[in-house]
*Asks:* 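The structure follows.
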Number of protein chains: 2
Amino acid sequence: MSFNQLKLTNQLCHRLYMASNSIVRAYRELLHALNITYPQYVVMMALWEQDKITIAELLEKTAIDGGAMTQILKKMVDKCLLEIVKDHQDKRKRLVQLTKQGQALKLKAVDIPNEIGCKFESINSEQADQLMRLLDLVISDLRV
Amino acid sequence: MSFNQLKLTNQLCHRLYMASNSIVRAYRELLHALNITYPQYVVMMALWEQDKITIAELLEKTAIDGGAMTQILKKMVDKCLLEIVKDHQDKRKRLVQLTKQGQALKLKAVDIPNEIGCKFESINSEQADQLMRLLDLVISDLRV
DNA sequence: ATATGTTAATTTGCATGCAAAGTATTTGCA
DNA sequence: TGCAAATACTTTGCATGCAAATTAACATAT
């Protein structure tokens, strides 16, 4: 691998780091009205799609760290967005379930994707698609 | 914008979030031997390229948050990797300068880019280049 | 049936990322 | 000259991300 490519890889990683921070910052602004953070929004998205799933399934869907998830869910319970109930089949497991408030928040969040989409002025549908495919390669390569 | 594209944008953001976390995790492993974190490595990269610059310039180069930078530099001073000296021209400014140890670490870090590069098995040079260009668009669009 | 290993979650400790408030300095302008 | 606005940083408080250690509950092999 050439020197230039080595430098490219380093720069690529730095760009990914910058882009991710930018994304979270952009969402922060929009989510402020809903009083949730980006990781909390990701959790809500997962639950709006499929409610009453185990924490393990939620971890799988969101790719959020397990240790962080415990804290995040705790805060969301405090906000009355969801509740955590025991699984009587397997007492190790716990099920995450939206409250009425949590379900209702979906309506308030309906414009978020559009508002985020509007920020991507210079990226068209094909580029977004391509970017997504490339990111999947990165994620897949880095998965041990 | 169609529903599918809205969903795509959301997924794109999530992928960026996942990819960035994966990158930092991958570096963590490699940087463990050097006893520094990824943001600290980014600071070192900037200083190896140009030493004795102001904190503002370092913020510009690294895209690290100002509040975080103060803490990061403090830890790096504790590790004797760099020192912070006053700028006599403008007493508001402070200059960041590598110590001998900080300079010497460059040699130990010489293989890092290659080791990271090796992890990207399924991405060739052109794809990396393209990914970088797309990320620049994202970063640019999200910059207020 | 019991010891061992595996799973599902939580806890802890450390390092950011970021907004907002605070502290010096320096500039710019009336 | 004098003072408000702009700069360059630091501090504080809150929310993760992650590794490592723990706890509780299943699974399995012997």
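Naming: A, B, ... by sequence-line order, numbering from 1 per chain.
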*Asks:* Report the nucleotide, chosen from C:dT16, C:dT11, C:dA8, that has the shortest atom-to-atom distance to any side-chain atom of B:Lys75.
*Replies:*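 Among the listed nucleotides, the one closest to the side chain of B:Lys75 is C:dT16.
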
*Asks:* Could you tell me the separation between the CG atom of B:Leu34 and the C1' atom of C:dA15, rounded to a whole number of Å?
*Replies:*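 These atoms are roughly 17 Å apart.
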
*Asks:* Taking atom C1' of C:dT23 as reference, at what distance in whole Å does atom NZ of B:Lys86 sit?
*Replies:*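 Atom-to-atom, B:Lys86 to C:dT23, this comes out as 14 Å.
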
*Asks:* Pick one: which of A:Tyr17, A:Tyr41, A:Tyr27, A:Tyr38 meets ring-ring contact (aromatic ring centres under 6.0 Å, His included) with B:Tyr17?
*Replies:* A:Tyr38

*Asks:* For A:Leu59 and C:dT10, what is the distance between atoms CG and P respectively, to the nearest whole Å?
*Replies:* 9 Å

*Asks:* Within this structure, what is the CD1-CD1 distance for the pair B:Ile36 and B:Ile72, rounded to the nearest 0.5 Å?
*Replies:* 11.5 Å

*Asks:* Can you check the B:Leu95 CG to C:dT25 P distance for me, whole Å?
*Replies:* 16 Å

*Asks:* Starting at atom CG of B:Asn35, determine the distance to atom C1' of D:dA19, rounded to an integer number of angstrom.
*Replies:*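 Going from CG in B:Asn35 over to C1' in D:dA19 covers 15 Å.
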
*Asks:* Choose from D:dC26, C:dT25, D:dG17 the nucleotide whose nearest atom is closest to any side-chain atom of A:Ile64.
*Replies:* D:dG17

*Asks:* How far does CD of B:Gln101 sit from NZ of B:Lys79, to the nearest 0.5 angstrom?
*Replies:* 11.5 Å

*Asks:* Given C:dC18, C:dT11, D:dG17, identify the nucleotide with an atom nearest to the side chain of B:Asn21.
*Replies:*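 Shortest atom-to-atom distance from the side chain points to D:dG17.
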
*Asks:* Which part of the nucleic acid, if any, lies within reach of B:Lys74 when heavy atoms closer than 4.0 Å are counted: base, sugar-phosphate only, or nothing?
*Replies:*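 Sugar-phosphate only.
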
*Asks:* Would you say D:dT16 has OP1 or OP2 under 4.0 Å from some side-chain N or O of A:Gln40?
*Replies:*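 Yes, such a contact exists.
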
*Asks:* Would you call A:Arg133 and A:Asp129 a salt bridge, taking side-chain N to carboxylate O under 4.0 Å as the test?
*Replies:*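 A salt bridge is present here (some side-chain N lies under 4.0 Å from a carboxylate O).
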
*Asks:* Hey, does the side chain of B:Thr37 come within less than 4.0 Å of C:dT16's phosphate (OP1/OP2), counting only N and O?
*Replies:* yes

*Asks:* Side chain of A:Asp65: nearest nucleotide among C:dT26, D:dC18, D:dT16?
*Replies:* D:dC18

*Asks:* Find which nucleotide of DNA chain C each of B:Ala68 and A:Arg94 is nearest to by heavy atoms, and output the residue with the more 5' nucleotide.
*Replies:* A:Arg94

*Asks:* Can you tell me the distance, in whole Å, between the CD atom of B:Gln71 and the C1' atom of D:dC14?
*Replies:*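 So the CD-C1' distance, B:Gln71 to D:dC14, works out to 14 Å.
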
*Asks:* Going by purine N1 to pyrimidine N3 plus the second Watson-Crick contact, or the G-U wobble pair, all under 3.5 Å, which nucleotide sits opposite D:dC18?
*Replies:* C:dG13

*Asks:* To the nearest angstrom, how far is A:Tyr17 atom OH from C:dC18 atom P?
*Replies:*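 It is 7 Å, rounded to the nearest whole Å.
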
*Asks:* Find the distance A:Arg92:CZ to C:dG5:P and express it as a whole number of Å.
*Replies:* 16 Å

*Asks:* Nearest 0.5 Å, what's the CD-OG1 distance between B:Gln40 and B:Thr62?
*Replies:*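 Answer rounded to 0.5 Å: 12.0 Å.
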
*Asks:* Determine: side-chain N/O of B:Tyr38 to OP1/OP2 of C:dA15, distance under 4.0 Å, yes or no.
*Replies:*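 Checking B:Tyr38 against C:dA15: no side-chain N or O falls below 4.0 Å of OP1 or OP2.
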
*Asks:* Which nucleotide wins on minimum distance to the side chain of B:Asp90, given the candidates C:dT10, C:dT26, D:dA25?
*Replies:* C:dT26

*Asks:* Using the side-chain heavy atoms of A:Pro39, tell me which of these nucleotides is nearest: C:dT16, D:dG17, D:dT11.
*Replies:* D:dG17

*Asks:* Is there a side-chain contact between B:Met132 and A:Leu8, using heavy atoms and a 4.5 Å cut-off?
*Replies:* yes

*Asks:* If you find the nucleotide of DNA chain D closest to B:Arg28 and the one closest to B:Ile55, which residue's nucleotide is nearer the 5' end?
*Replies:*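 It is B:Ile55, whose closest nucleotide lies nearer the 5' terminus.
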
*Asks:* Taking only the side-chain nitrogens and oxygens of A:Arg25, find out if one of them lies under 4.0 Å from OP1 or OP2 of C:dC18.
*Replies:* yes

*Asks:* Among the nucleotides C:dG17, C:dT25, D:dG17, which one has an atom lying closest to any side-chain atom of B:Lys91?
*Replies:*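 Out of C:dG17, C:dT25, D:dG17, the nucleotide with an atom closest to B:Lys91's side chain is C:dT25.
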
